[in-house]
Amino acid sequence: MSDRRVRVRFAPSPTGPLHMGGVRTALYNYLFAKKLGGDFLLRIEDTDQTRFVPGAEQYIVDALAWCGISPDEGIGVNGQIADHGPHAPYRQSDRKPLYRAFADQLLAAGHAYYAFDTPEELEAVRERSKSAGNPNWQYNSITRTSMKNSLTLPEDEVARRLDAGDAYVIRVKMPRNEEVKFEDRIRGWVSVNTLNLDDKVLLKGDGMPTYHLANVVDDHLMEITHVIRGEEWLPSAPLHVLLYRFFGWEQPEFAHLPLLLRPDGNGKLSKRDGDRLGFPVFPLNWANAETGETASGYRERGFYPEGFVNMLAFLGWNPGTNQEIFSLDELIEAFSIDKVHKAGARFDFEKAKWFNQQHLRQRSPEVLAAEYQAGVAAAFGAAVDTDFAAKALTLFLDRSEFISDAVHAAPYLFAKPAEYDSVMVGKKWTSESAGHLRSLVPLWAASNYSEPALEEAFKAFLTETGLGFGAVGPVVRLAVAGTTQGPSIFGVMELLGRSECEARIEKAIATLG
RNA sequence: GGCCCGUUCGUCUAGCGGUUCAGGACAUCUCCCUUUCACGGAGAAGAUCACGGGUUCAAAUCCCGUACGGGUCACCA
């Protein structure tokens with residue numbers, strides 16, 4: 001497989017929104033392919049018709065598009081829900097007719113067999129086994145001899161049942177005692193004895209393949225060279241290796257990614273963690289049609305795709321240098337599957353925010369100004385011009401992790417303070433405060449109301465009166481902004497303009513005395 | 001429980017037999033800057049490299065065992 005064109009795939013099941021772990025798997029696949037000049041495909045594995053969730057497929061496509069992880073082939077090319085490429089269709093439910101022949105091939109070669117046991121019978125056997133002290137009964141090389149299948153039933157009865165249309169599944173016939181080995185790109189040699197593997201169902205009663213069959217068949221047909229997926233697939237990898245062998249196909253290279261762990265306690269990060277832990281687990285908002293609840297997404301939380309992707313890339317991978325801030329293109333350049341960590345990575349939202357902050361600062365002033373304008377319009381229904389936005393950003397960007405921080409840090413830029421910080425009023429507002437402000441108003445009015453001029457006039461006033469900055473500065477802040485925190489109050493005053501500032505000062509004096 | 005995988009500062013990690021009594025980042029703390037809050041700068045603290053045995057002149061790095069953690073055991077993916 002060394003000189004084959006690199007082709008990888010991300011193959012999610014549309015049973016709900018894609019969570020961040022899934023996005024990271026897609027990202028690593030994408031980075032790997034692009035780094036090597038190969039193809040990245042998106043295939044939809046919807047063989048379980050009972051778990052179909054409306055909108056999930058659209059969500060997956062939208063989420064990847066937002067992240068900039070664009071498929072070259074399959075579903076979702078150019079963000080469209082449509083098949084695109086020489087191996088169409090790329091949705092397994094649409095490929096249903098094609099799997100049967102492969103199951104038959106295994107049947108003919110003696111690597112698979114028909115099994116007529118009903119789900120109820122299997123359930124009963126498991127129950128019996130459990131009460132006998134064996135908690136997990138398996139359909140395997142030993143137990144299959146006492147089940148109803150084409151290995152135990154007389155040939156004519158099997159033919160009769162098949163003719164009669166009896167329900168059946170096709171199971172893999174697991175070899176009795178064989179060591180299955182494969183070299184995982186991340187974990188090295190992994191070895192399992194078939195004694196511990198069971199006769200997995202390959203083709204279900206409804207004619208649909210299970211993941212195992214569909215995955216192996218499609219990866220082969222679609223000429224996938226590297227299977228990069230989550231560690232939860234490691235236990236079934238030996239089965240897949242065996243299937244490639246049974247079919248006589250070249251086996252792709254495997255790379256099983258470490259899991260994303262919950263920041264608290266134990267276990268892997270799951271969809272059900274939702275917002276319970278105080279951060280989104282999904283790339284985009286997801287409105288659950290059944291519960292009516294909306295799970296929050298990174299996009300809506302204010303993250304830039306660049307920050308989100310950068311953060312995800314570093315959960316389990318590291319370039320080996322001290323550089324941490326990367327664009328998608330830089331990630332492609334730096335990525336190496338061999339540098340992926342083996343152990344699970346515990347997610348830390350604080351660091352995630354830091355990544356976004358770094359990307360926030362890398363954006364151009366023009367783009368930021370436009371985003372700020374949009375944010376202000378959405379939050380306060382106020383329209384501000386580009387100059388205002390640019391000036392506001394020089395004041396507020398430093399203290400922001402998200403552009404929304406800059407927007408929400410100063411509602412007082414868009415409305416007079418509704419109230420004044422009572423603690424600071426108590427500390428700083430004295431019987432003399434109103435007088436100081438009244439003295440300042442004409443001094444400022446005589447200036448051009450620019451930040452430096454306002455500050456200069458203020459300082460001159462202090463010098464003249466012998467007052468300290470701490471005695472009057474906070475008072476000005478309270479009057480103009482209602483709070484004593486924030487950037488230079490003179491910058492804020494410049495933004496607000498003279499008449500607004502004077503009105504606010506009057507209002508404060510009227511309110512606070 | 002069986003099988004498989006993993007284990008370096010609180011967290012993400014660098015490290016691939018000697019140049020490391022372990023480097024960076026987030027978080028924490030201190031100081032400077034700023035008469036606010038942040039940003040920024042400087043610094044501190046924080047890991048006997050899970051533990052125990054080996055191998056070797058030399059081990060975080062190789063091997064074995066133990067412990068702990070995780071994953072997986074469906075006609076789900």
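Just the heavy atoms: all of them, side chains too, but no hydrogens, waters or symmetry mates, feed the values below. Order of the sequence lines sets the chain letters (A, B, ...), proteins ahead of strands, with each chain counted from 1. Note that the structure is predicted; figures quoted are calculated from it, not measured.
By the 30° and 60° cut-offs, the orientation of the rings of Phe335(A) relative to Tyr28(A) is tilted. Relative orientation of the Phe246(A) and His111(A) rings is parallel, given thresholds of 30° and 60° on the angle between their planes. Under the 30°/60° scheme for interplanar angles, the aromatic rings of Tyr211(A) and His240(A) are found to be tilted.
Remark: Arg185(A) pairs with Glu253(A), Asp338(A) by the salt bridge (charged side-chain N to carboxylate O under 4.0 Å, His left out) rule, at least two apart or across chains. Under the rule for a ring-ring contact (aromatic ring centres under 6.0 Å, His included), Phe396(A) has no partner lying at least two apart in sequence or in another chain. For Glu333(A), the side-chain contact (heavy atoms from CB on, under 4.5 Å) partners are Lys35(A), not counting sequence neighbours. Arg100(A) is linked by a side-chain contact (heavy atoms from CB on, under 4.5 Å) to Asp104(A), Leu107(A), Tyr114(A), Tyr168(A), Ile170(A), Leu203(A), counting only residues two or more places apart in sequence or in another chain. Scored by the side-chain contact (heavy atoms from CB on, under 4.5 Å) test, Leu98(A) finds Arg95(A), Phe102(A), Val217(A), Asp218(A), Leu221(A) as partners (sequence neighbours excluded). With sequence neighbours left out, the salt bridge (charged side-chain N to carboxylate O under 4.0 Å, His left out) criterion links Arg504(A) to Glu500(A). In this structure Phe355(A) satisfies the ring-ring contact (aromatic ring centres under 6.0 Å, His included) test together with Phe314(A), sequence neighbours excluded. With sequence neighbours excluded, no residue forms a side-chain contact (heavy atoms from CB on, under 4.5 Å) with Thr463(A).
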(request) At under 4.0 Å between heavy atoms, which parts of nucleotides 28-46 of chain B does protein reach? Answer with one letter per nucleotide, 5' to 3': B base, S sugar-phosphate only, - none. (result) -------BBBBSS------

(message) For nucleotides 2-12 of chain B, give me one character per nucleotide, 5' to 3': B if any protein heavy atom sits under 4.0 Å from the base, S if the only such contacts are to the sugar-phosphate, - if neither.
(response) SSSSSS---SS

(request) Could you encode protein contacts along nucleotides 61-67 of chain B as a string, one character per nucleotide from 5' to 3', using B for base contact, S for sugar-phosphate-only contact and - for no contact, with a heavy-atom cut-off of under 4.0 Å? (result) -------

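In this structure, C68(B) forms a base pair with G6(B), meeting either the Watson-Crick or the G-U wobble geometry with both donor-acceptor distances under 3.5 Å. Remark: G18(B) base-pairs with C57(B); criterion is Watson-Crick or G-U wobble with both hydrogen-bond distances under 3.5 Å. For G43(B), the paired base is C29(B) (Watson-Crick or G-U wobble, both distances below 3.5 Å). Of all nucleotides present, only G1(B) satisfies the Watson-Crick or G-U wobble test against C73(B), with each distance under 3.5 Å. The pairing partner recorded for C49(B) is none, the criterion being a Watson-Crick or G-U wobble arrangement whose two distances lie under 3.5 angstrom. Across all strands shown, U34(B) has no partner, as no Watson-Crick or G-U wobble contact with both distances under 3.5 Å is found.
In this structure, Gln49(A) atom CD and A77(B) atom C1' are separated by 14 Å, rounded to whole Å. Atom CZ of Phe52(A) and atom P of A77(B) are 15 Å apart (whole Å). Between the NZ atom of Lys339(A) and the C1' atom of G15(B) there is a distance of 9 Å, given to the nearest Å. Following rounding to the nearest Å, Asp206(A) (CG) and A74(B) (P) show an atom-to-atom distance of 18 Å.
Between Arg51(A) and the phosphate of A77(B), there is no side-chain N or O to OP1/OP2 separation shorter than 4.0 Å. Between Lys268(A) and G69(B), a side-chain N or O to OP1/OP2 separation shorter than 4.0 Å is absent. Phosphate contact (OP1/OP2 of A77(B), side-chain N/O of Thr47(A), threshold under 4.0 Å): present.
For the P atom pair drawn from U30(B) and U66(B), the interatomic distance equals 47 Å after rounding to whole Å. Straight-line distance between the C1' atoms of A27(B) and C33(B): roughly 22 Å, to the nearest whole Å.
At a threshold of 4.0 angstrom between heavy atoms, the contacts of Pro119(A) include nucleobase atoms, whether or not backbone atoms are also involved. Among the atoms of the strands shown, none is found under 4.0 Å from any heavy atom of Thr483(A). Residue Lys353(A) is out of contact with every strand shown, counting any heavy-atom pair closer than 4.0 Å. Within 4.0 Å of Lys428(A), counting heavy atoms only, lies no atom of the nucleic acid at all. Counting non-hydrogen atoms under 4.0 angstrom, Val201(A) reaches the backbone sugars and phosphates but no base. If you check every strand for non-hydrogen atoms under 4.0 Å, Asp117(A) touches a base.
Side-chain proximity of Trp354(A) to the nucleotides A14(B), A25(B), C76(B) is greatest for A25(B).
Both Pro12(A) and Thr321(A) sit near RNA chain B, but only Thr321(A) has its closest nucleotide nearer the 5' end.
Judged by distance alone, the side chain of Asn193(A) and the main-chain N or O of Asn196(A) form no donor-acceptor pair under 3.5 Å. The closest donor-acceptor contact from the side chain of Asp117(A) to the backbone of Lys148(A) lies under 3.5 Å.
Annotation: side chain of Tyr139(A) is in contact with side chain of Met147(A) (closest heavy-atom distance under 4.5 Å).
The stretch residues 418-426 of chain A has no heavy atom under 4.0 angstrom from RNA chain B at all.
There is a side-chain donor-acceptor pair under 3.5 Å between His256(A) and Arg229(A).
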